[in-house]
Amino acid sequence: THTHPTHIHTTHIHITNMAADYRRVEIKAYPRLQQRDTAEDRYWKKFQHPVVVKEISAITSVHFSPVAPFDFAACSSTRVQIYSSETNSLKRSISRFHDVAYGASYRHDGKLLSSGCADGSLQIFDTSSRVVLRSFRGHTRAVHASRFAADTTTVLSASDDSTVKVWDIPGEKEAGALLGHTDYVRTLVTSATSSHTALSGSYDHTVKLWDRRTGESVLTMNHGAPVEAVLMMPSDSTFISAGGNVIKVWDALAGRLLYSFSNHQKTITCLALDGDARRLLSGSIDRMVKIYDTSSYSVVHSIKYAAPVLSVAVSPQDSHLVVGMTNGLLSIRRRDATQTSSSSSSAAATTAAGVGSSSTAAGITQPGSLFPTVPRVGKARPPAGTYRFFVRGHSHKADPADFEVAVARKRKLRPFDKLMKKFKYADALDAVLTKDPKPVVVASVLHELIQRAGLRTALSNRDETSLRPVLAFLVRHITNPRFSMLLIDVTNTVLDMYAPGMGQSVVIDELFFRLHRKLQQEIAFQQSLLEVTGALDAILAAGA
């Protein structure tokens with residue numbers, strides 16, 4: 001018989017020319033489970049490198065010095081610990097108390113520090129030498145809060161005996177008492193502009209605004225729950241109270257409620273403002289610190305801590321965030337020096353030009369923006385002949401109106417793509433399951449194998465060592481809603497192929513049992529959700 005080698009050769013060439021280039025495995029884009037990262041999130045996440053200090057007891061209060069270097073005082077047990085904001089380490093320890101110390105507070109010049117005590121006394125210290133300058137006794141119960149007045153010669157104290165007392169520092173005597181509360185007074189603040197104005201909150205559910213000249217309460221507001229913390233805005237026209245899990249904002253001039261909101265699950269224990277009073281912080285025993293925009297009082301960021309929060313403070317320059325907890329942990333978060341300096345220049349520009357947008361030589365601050373837009377300064381032209389001269393412009397981004405010339409670049413194949421190209425499906429699946437597998441990549445390869453009808457080929461002829469990564473991945477991710485539909489199909493295929501051989505390997509049997517238990521837990525969880533949904537539908541239908 002005659003053969004036609006020429007004809008066979010021509011056919012072979014024709015098939016080769018018709019072969020298409022290999023198409024890389026497309027990594028599927030699954031929905032993201034995390035929330036969108038906002039500008040506020042990025043700002044507060046810059047408080048990095050937390051330093052955690054363990055004290056012997058709960059941290060009941062934290063207060064920053066208003067002047068540089070902005071040290072802060074923390075009350076724990078019978079001591080007031082003064083920490084350096086530059087090194088985040090203990091600078092001084094004041095332990096001249098006969099009982100638990102409460103409510104340490106700096107004077108406006110940072111030279112004096114006042115602190116109450118559970119024995120009913122109020123002491124004033126020199127911050128540089130720790131010497132007790134004054135010791136006042138007049139309360140019959142524990143003093144939980146103290147604040148210096150704006151005139152710097154008067155200090156006020158709030159006590160569990162339901163009174164607020166005024167003390168004359170130079171005269172070393174009591175200068176008056178503010179009476180009106182009927183239960184514990186646990187929180188007190190004074191006005192930064194008026195030496196005669198003070199604000200107190202009590203467990204009798206009331207917030208009182210005092211005028212020391214008359215000794216009377218000029219405004220009393222009912223919060224509706226025991227008041228744990230109060231704040232006055234810098235303008236003195238608005239004040240804030242926290243009690244239960246509710247925060248309320250009051251108009252001091254009209255005597256009316258402006259805002260009421262609840263974002264904590266448990267009792268709110270502390271309030272704080274940032275350096276320019278544009279952000280309000282609240283801490284709670286639900287272990288959360290929530291941050292609000294004071295223009296709308298909406299939550300812009302949340303931070304979770306390891307224990308219930310008792311105290312929170314932000315440094316005047318917004319460089320430190322300090323939180324005290326019930327288990328004695330003191331968390332100190334600090335922003336980098338470059339970030340702090342940019343924030344300081346932004347705050348200075350805003351202060352110089354007012355609340356609106358401002359423009360200075362340092363930069364331009366837009367309304368409501370956390371960061372200044374600094375004008376870009378052009379760099380000097382690199383010398384000719386240098387490496388920088390030849391690579392200049394490589395990072396330049398084209399304007400929207402520019403015409404870009406597309407450059408066809410050959411994309412390198414990933415290791416599993418090279419194996420898929422050679423139809424080595426089992427090796428490609430092993431390549432994405434080794435070391436630290438990325439769920440999205442593994443799911444994409446499994447989906448590609450199903451499309452190519454190569455899943456059974458990739459899963460066949462596996463021993464204990466090669467089957468274990470497959471089962472471990474299924475156990476870990478089968479309940480993930482992003483991959484569940486795909487992985488259920490893969491699981492059915494694995495069961496069809498390897499379930500008859502159970503009992504031959506202890507490791508494989510244990511993985512199958514774990515997969516079974518996880519699926520049972522997920523089914524029970526879904527059934528519970530359906531029951532809750534049905535109950536809610538019934539309640540909503542009855543309410544309608």
Side-chain angles (χ1 to χ4, degrees), residues 39-51 53 61-74 81-92 104-113 127-128 147-148 150 189 192-193 231-235 270-283 289 291-294 300-301 303 311-324 330-355 358 360-366 368-374:
E40 289 281 350
D41 293 330
R42 292 190 293 271
Y43 173 80
W44 291 101
K45 285 178 182 178
K46 288 179 181 178
F47 285 88
Q48 301 171 353
H49 317 297
V51 176
V53 180
S61 70
V62 177
H63 193 258
F64 273 91
S65 172
V67 297
F70 306 109
D71 296 336
F72 58 92
Q81 308 282 64
I82 299 178
Y83 286 86
S84 169
S85 62
E86 297 176 343
T87 62
N88 296 336
S89 59
L90 183 63
K91 192 174 182 178
R92 295 183 183 87
S105 172
Y106 280 96
R107 198 168 70 172
H108 304 301
D109 57 5
K111 295 180 179 180
L112 298 184
L113 179 74
T127 56
S128 60
R147 284 292 189 273
F148 287 94
V189 293
T193 57
L231 279 179
M232 291 187 73
M233 298 298 283
S235 62
C270 51
L271 296 173
L273 291 170
D274 68 348
D276 54 5
R278 294 167 60 186
R279 297 293 179 266
L280 170 69
L281 289 81
S282 64
V289 170
I291 301 149
Y292 311 84
D293 184 352
T294 54
V300 296
H301 191 67
I303 305 174
S311 53
V312 61
V314 180
S315 64
Q317 284 191 324
D318 296 336
S319 60
H320 289 71
L321 171 62
V322 181
V323 171
L330 185 68
S331 172
I332 308 171
R333 294 173 180 259
R334 179 176 181 175
R335 285 198 294 150
D336 294 338
T338 55
Q339 298 163 352
T340 305
S341 61
S342 66
S343 175
S344 301
S345 62
S346 174
T350 305
T351 304
V355 178
S358 60
T360 64
I364 302 173
T365 304
Q366 300 296 333
S369 174
L370 291 171
F371 307 102
T373 303
V374 181

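Every heavy atom of this structure was used, including side-chain atoms; hydrogens, water molecules and symmetry mates were not.
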Task: Which residues share a side-chain hydrogen bond (donor to acceptor under 3.5 Å, both in side chains) with R92, sequence neighbours left out - done: none
- [ ] Could you tell me whether Y83 and F72 have their ring centroids closer than 6.0 angstrom?
- [x] yes
Task: From CD (Q81) to CG (L90), nearest 0.5 Å - done: 5.0 Å
Task: Test log, rule side-chain hydrogen bond (donor to acceptor under 3.5 Å, both in side chains), inputs Y106 and T127 - done: CA-CA 9 Å; Y106 280 96; T127 56; over 6 Å; no
Open item on the list: Return the CG to CG distance between D318 and D274, rounded to the nearest 0.5 Å.
Closed with: 5.0 Å
Open item on the list: Angle between ring planes, F64 versus H320, binned at 30° and 60°: parallel, tilted or perpendicular?
Closed with: tilted
Open item on the list: Checking D71 now: which residues fulfil salt bridge (Lys or Arg N to Asp or Glu O under 4.0 Å) with it, not counting sequence neighbours?
Closed with: K91
Open item on the list: Check whether T294 reaches the backbone of A277 with its side chain - one donor and one acceptor, N or O, closer than 3.5 Å.
Closed with: yes
TODO: State, to 0.1 Å, how close A73 and A104 come at their nearest heavy-atom pair, and which atoms those are.
DONE: CB-CB, 4.3 Å
- [ ] Would you give the length of the straight line joining atom CG of L281 to atom CG of L231, rounded to the nearest 0.5 angstrom?
- [x] 10.0 Å
- [ ] Answer yes or no: is there an ion pair linking D293 with R278, defined by an N-O contact shorter than 4.0 Å?
- [x] no
Open item on the list: Strictly distance-based, threshold 3.5 Å: is any side-chain N or O of R334 a donor or acceptor partner for the main-chain N or O of E86?
Closed with: yes
TODO: Might you point out which heavy atoms bring G324 and V62 nearest each other, and give the distance in Å?
DONE: N-CG2, 4.5 Å
- [ ] Walk me through it: do N88 and V53 pass the test side-chain contact (heavy atoms from CB on, under 4.5 Å)?
- [x] CA-CA 9 Å; N88 296 336; V53 180; over 6 Å; no
- [ ] Mind telling me whether Y43 and F47 have parallel, tilted or perpendicular rings, with 30° and 60° as the class edges?
- [x] perpendicular
- [ ] Please report the shortest heavy-atom distance between P316 and S65, naming the atom on each side.
- [x] CG-O, 3.7 Å
Open item on the list: On a heavy-atom basis, which atom in M233 and which in L273 lie closest, and how many Å separate them?
Closed with: SD-CD1, 4.0 Å
- [ ] Enter the distance from H108:NE2 to R147:CZ here, rounded to the nearest 0.5 Å.
- [x] 9.5 Å
- [ ] Could you walk me through whether V312 and L321 pass the side-chain contact (heavy atoms from CB on, under 4.5 Å) test, one step at a time?
- [x] CA-CA 8 Å; V312 61; L321 171 62; 4.0 Å; yes
- [ ] State, to 0.1 Å, how close S311 and S61 come at their nearest heavy-atom pair, and which atoms those are.
- [x] CB-CA, 3.6 Å
TODO: Would you name the heavy atoms of V289 and G283 that are closest together and state the gap between them?
DONE: CG2-CA, 4.3 Å
